[in-house]
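Predicted model only: the values in this text are computed from it and were never measured. Residue numbers begin at 1 in each chain, while the letters A, B, ... track the order of the sequences.
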Amino acid sequence: MKEAYFPQEIEKKWQSEWEKNNVFQTPDNSDKPKYFALSMFPYPSGKLHMGHVRNYTITDVIARFKKMQGYNVLHPMGWDSFGLPAENAAMKHGADPAKWTDENIAYMTKQLKMLGLSYDWQREVTTCKPDYYKWTQWLFLQLYKKGLAYKKEAAVNWCETCGTVLANEQVIDGKCWRCDSVVEKKYLSQWFFKITDYAEQLLKDLDKLDGWGDNVKTMQANWIGKSQGAIFRFKVKEIEGMEVPVYTTRPDTVHGITYLVVAPEYKDIEKLTTPENKNAVEEYRANARKMTEIERLSTDRVKTGVPLGTHCINPFNGEEFPLWTADYALVEYGTGAVMAVPTHDTRDFDFAKKYNLPLKVVIQDPQNPSDCKDVAYTEEGVLVNSNEFNGMKNTEAKKAITQKAVDGGFGEFKTQYRLRDWLISRQRYWGAPIPVVYCDKCGIVPEKEENLPVMLPTDVDFSVVGKSPITTSKTFKDTTCPVCGGPATREMDTMDTFVCSSWYYLRYSDAKNSEKCFDKEKVNHWLPVDQYVGGIEHAILHLLYSRFFTKALRDCGLLDFDEPFKNLLTQGMVLKDGSKMSKSKGNTVDPDEIFENFGADTARLFILSDSPPARDFDWSDAGVEGCYKFLNRVWRLISDGVNKREIAKDYKLAFPLSRENDDLVRIVNIAMKGITNDISNDFQFNTVISKYRELTNAIYDWRGKCKGELDNEQKNVFSFATTSLIKLMSPVTVHMAEEIWHELGYKNSIHEEKWCEWDESLAKASKITLVIQVNGKVKDKLEVDEGVTDEDLKQIALSTEKIKEITSGKEIVKTIVVPKKLVNIVVKG
RNA sequence: GCUCCAGUGGCGGAAUCGGUAGACGCGUUGGACUUAAAAUCCAAUCGGGGUUCACCCUCGGUGCCAGUUCAAGUCUGGCCUGGAGCACCA
């Protein structure tokens, strides 16, 4: 065995060996239980960054560990390859997006292989390939049939310079990420998925996700934004038969209404405006339209509004109050109209103060009543000025008052969600075409399933400005109607890339199927994903959409489970010098350089070493070198032993062992147990790695204490310890472990070995350290035999010189014994 | 403003159940080997104080203030700071 560790040589050799022998291919059929380990698939941007390295290393170690534990592990990889960067590259350099994407995939695949990741490449999926997007389109049609895909007029983020809509993520501080011009709101007819139909299920099923962090679950719950309240309908005094409905979470304050606000875009606003107020209202609405979303939603902006001139009547007390329009009412939420109770709502209060609208207190803290002249009272209290409800607690009044409205026929209980339907249309070329045609006779017609995929045209001009390149195709637009056969035009929009990524994990179960999106039996076998690993930035969008897709496809009968991801690990960011690695800051580290200088095993070891996976990880060059040195240290230990014939393949431990040998064997067993527990318990790889080091140090110490040539027992113990170390390290330092394994004389791959099993009776030290406390403070420690009873411990503690001295002349009140650990003597005086 | 997460040496972090705070590493300092350097190895490394001074003793210490307990980094209540997400959502 070579004395020096040459990672580059070893790593290349084993990577090609594994590929040749299909070590990581996963059969569908196996006697072993299944385990699906999944990393969030990357966008092929060009090169891997350290965030990718961290993500994929974490999942890879999990996959290898589970495989060694006897699971049939599915560990696939793919490419989220539709999206804007490819199209932008095309616009900038005249490159073909498909070619640009393919080249990036090829390069990044090479990098992934250099990292030694155990993927089953037979199951690779690429969302921009027709064999994948055919099924994205097919799934769109299934949702359409179910009424879950529909078209409507909606406001979108519009960049006039680029002539296209932008995703919310592409709007940075209200400006286009590419050309920096201000983003406007525009009304366009767009395709939506009816995710709101699933709002309650998406919220409720969060409770089932024990394997998800609370942070992600609460983020989703907030996003869904369930609230419970009431709808009240108010008659308009000036217009016979007209009503304005409002949604409120504070029905208890209904007697305190002093005005009502409708959104500037409210559908009946023109009818509700008197001729005298028409000009002012029109002007206000025109201004609101011009305003950007950011301006309008800024919370510190002074609230503005104008009166409409009409009034409503409060059915609870007969009071009249004026109608206003103000942009703090949002047309998309609730009914688009707000009943304003300035005394008990801070926004209404600000508005009322500015326009001198009246205040009427209806909730009070009986101990400390407020007139609400300076600030709204939003806490709980008791009703006043509320007729028969006076004296009732406001929490109870919510129900009683709503019930009165229900009985009177002017209101009802209402549950409201903040979640909006998912806008999936993009006026973009590089995406999956929406498989729909427009026929003058038949209207909106879905494409026939046998005509899928609707192929992306290639005869497009990317240099066009102000419209989607797809519209320049001569061959794409005109088609025939699937129903009547007459002339028709294709939908020119493509789907949001989040649609493609909402089902890719299902496709891995049956990636090569050309007849179906996936076989039902296979998808039910492999899914849900046992462990999903990825960045926290996907906490809402991707994970919520995927959950929605799973539920919708379940309702389409395509699969039989409710939730796609059983366990979720959101890994922290990779930082350098305390801030996120980014090109603009110039603090990036190129994975290629690390592979070249230290090897992939060092990179893998280091990226797992210093922080637990969920926390941010601070990259340091010294840390990398430290890991490299550690691998050299392990290599030297074993190569030295192998070359001196002290370590052999066929070792046997014959008990009882000498004291020193027994101690080392115990340390090995303790390490096996500890490492297994650390991985099983939230994947604490940082402590796993510290245990590798402890074990290595212990073996070195033991070896240093052996004098002269090793005897047989020592050789066996040395072989056991080093072979165990290398097996424990094999999921992390995959190439080095394999090389050493073969140097030891084994012929199979270490990655197909069984995980270490420890002997419970040996997984503890032969001596324990007894801690003796007096009044909870440590006063003495001593070594005692492992088998002592509690009574023995007590007697030992009380008879030590030191304790006698401390307790002399004092009354011992009681003695607490923690078995095999500690004695606490409580004294008085 | 609301929600969630976090706060431990010079630094990253460790500490299943409440039971030895600071594992392991980085850095630093000293030493060995060497003509020298690199590499490697050994030792020290929370703070204050004491001392019969290289062996100990003692006090304090896990963001802050209380509480529960024989015992609190860990549990409870109230704050402070930092991070993340949401936000005129009625």
* Just how far, in rounded Å, is C1' of B:C89 from CE of A:Met339? -> 15 Å
* Heavy atoms, side chains only, cut-off 4.5 Å: are A:Tyr259 and A:Val341 in contact? -> no
* Asked: Rounded to whole angstroms, how far apart are OH on A:Tyr328 and C1' on B:G1?
  -> 17 Å
* Looking at B:C70, does its base get a donor-acceptor pair with the side chain of A:Lys814 below 3.5 Å? -> no
* Asked: How far, in whole Å, is B:C75 from B:G19 if one measures between their P atoms?
  -> 10 Å
* Asked: So what's B:A72 paired with, Watson-Crick or G-U wobble, going by both distances under 3.5 Å?
  -> none
* Look through every strand shown and name the nucleotide pairing with B:G60 as Watson-Crick or G-U wobble, where both distances are under 3.5 Å. => B:C46
* Structure fact -> Pairing partner of B:U81, by Watson-Crick or G-U wobble and under 3.5 Å for both distances, is B:A6
* **Complementary nucleotide of B:G12, counting Watson-Crick and G-U pairs under 3.5 Å** => B:C24
* To do: Examine B:C56: is either OP1 or OP2 under 4.0 Å from a nitrogen or oxygen in the side chain of A:Lys802? Give yes or no.
  => no
* Structure fact -> With the side chain defined as heavy atoms from C-beta on, A:Ile540 is closest, among B:A90, B:G85, B:C4, to B:G85
* Structure fact -> To the nearest angstrom, the CD-P distance between A:Glu265 and B:C89 comes to 16 Å
* For the pair made of CE in A:Met573 and C1' in B:G82, what is the distance, rounded to whole Å? -> 13 Å
* **Close side-chain approach of A:Tyr377 to A:Thr346, heavy-atom, < 4.5 Å** => no
* Asked: Do the side-chain N and O atoms of A:Thr249 and A:Gln228 include a donor-acceptor pair separated by under 3.5 angstrom?
  -> no
* To do: Go through B:U3, B:G27, B:C89 for me and flag the one nearest to the A:Ala622 side chain.
  => B:G27
* To do: Could you tell me which nucleotide pairs with B:C86 by Watson-Crick or G-U wobble geometry, both distances under 3.5 Å, or answer none if nothing does?
  => B:G1
* For A:Asn775 and B:U69, what is the distance between atoms CG and P respectively, to the nearest whole Å? -> 15 Å
* Could you measure between the two P atoms, the one in B:U58 and the one in B:C64, and give it in whole Å? => 25 Å
* Reading nucleotides 38-47 of chain B from the 5' end, what letters show protein touch, with B for base, S for backbone sugar-phosphate only, - for no heavy atom under 4.0 Å? -> --SS------
* Structure fact -> Applying the 3.5 Å cut-off to both distances, the Watson-Crick or G-U partner of B:A37 turns out to be none
* To do: Please say whether the positively charged group of A:Arg418, taken as NZ for Lys or CZ for Arg, lies over the ring of A:Tyr333, i.e. under 6.0 angstrom from the six-membered ring centre and within 45 degrees of the axis.
  => no
* Would you tell me whether A:Asn697 and A:Arg633 have side-chain atoms, one donor and one acceptor, within less than 3.5 Å of each other? => yes
* Asked: Does the side chain to side chain donor-acceptor pair (under 3.5 Å) test come out yes or no for A:Asn686 and A:Ser609, once each step is laid out?
  -> CA-CA 4 Å; A:Asn686 53 331; A:Ser609 66; over 6 Å; no
* To do: Would you kindly check whether a donor in the side chain of A:Arg420 faces an acceptor in the base of B:C89, or vice versa, at under 3.5 angstrom?
  => yes
* Spacing of the C1' atoms in B:G47 and B:A39 (rounded, Å) -> 36 Å
* Asked: Is the shortest distance from a Lys or Arg side-chain nitrogen in A:Arg636 or A:Glu3 to a carboxylate oxygen in the other one below 4.0 Å?
  -> no
* Salt bridge flag under 4.0 Å for residues A:Asp640 and A:Lys644 -> yes
* Structure fact -> Separation of B:C88 atom C1' from A:His344 atom NE2, nearest Å, is 19 Å
* Could you go through the side chain to side chain donor-acceptor pair (under 3.5 Å) check for A:Gln571 and A:Arg615 one step at a time? => CA-CA 7 Å; A:Gln571 104 252 4; A:Arg615 279 213 225 168; over 6 Å; no
* Which nucleotide, B:C4, B:G85, B:A90, lies nearest any side-chain atom of A:Asn215? -> B:C4
* To do: May I ask you to test the A:Ile670-A:Lys673 pair for a side-chain heavy-atom distance under 4.5 Å?
  => no
* Taking the same atom, P, in B:C33 and in B:A14, what whole-Å distance lies between them? -> 39 Å
* Asked: Hey, does the side chain of A:Tyr333 come within less than 4.0 Å of B:A90's phosphate (OP1/OP2), counting only N and O?
  -> yes
* **Heavy-atom closest pair, residues A:Cys312 and A:Leu260** => SG-CD1, 4.5 Å
* Strictly by modelled atom types, are A:Glu200 and A:Tyr417 linked by a side-chain donor-acceptor pair under 3.5 Å? -> yes
* B:A6 and B:A90: how far apart are their C1' atoms, nearest whole angstrom? -> 33 Å
* Taking the side chain of A:Arg347 as its heavy atoms from C-beta onward, which of B:C89, B:G85, B:C5 lies nearest to it? -> B:C89
* Would you give a per-nucleotide map of nucleotides 6-24 of chain B, 5' to 3', where B means the base has a protein non-hydrogen atom under 4.0 Å away, S means only the sugar-phosphate does, and - means neither? => ------SSSS---BBS-BS
* Asked: With sugar-phosphate meaning primed atoms plus P, OP1 and OP2, does A:Val826 contact a base, only sugar-phosphate, or nothing at under 4.0 Å between heavy atoms?
  -> sugar-phosphate
* Structure fact -> To the nearest angstrom, the CG-C1' distance between A:Leu575 and B:G82 comes to 14 Å
* Say you pick atom C1' in B:C46 and the same atom in B:G9; how far apart are they, in whole Å? -> 5 Å
* Which glycosidic conformation, syn or anti, is assigned to B:G22 if syn requires a torsion within 90° of zero? -> anti
* Asked: On a whole-Å scale, what distance lies between the C1' atoms belonging to B:G50 and B:A43?
  -> 25 Å
* Any donor-acceptor pair under 3.5 Å linking the side chain of A:Thr733 with the backbone of A:Met736? -> no
* Asked: Taking the chi torsion of B:C17, is it syn (within 90° of 0) or anti (everything else)?
  -> syn
* Considering only B:C4, B:A90, B:U3, which nucleotide approaches the side chain of A:Tyr247 most closely? -> B:A90
* When rounded to the nearest Å, what value does the distance between P atoms of B:U74 and B:A66 take? -> 15 Å
* When the nearest nucleotide of RNA chain B is assigned to A:Trp223 and to A:Val216 on a heavy-atom basis, which residue is associated with the more 5' position? -> A:Val216
* **Whole-Å gap separating P (B:A90) and NZ (A:Lys303)** => 14 Å
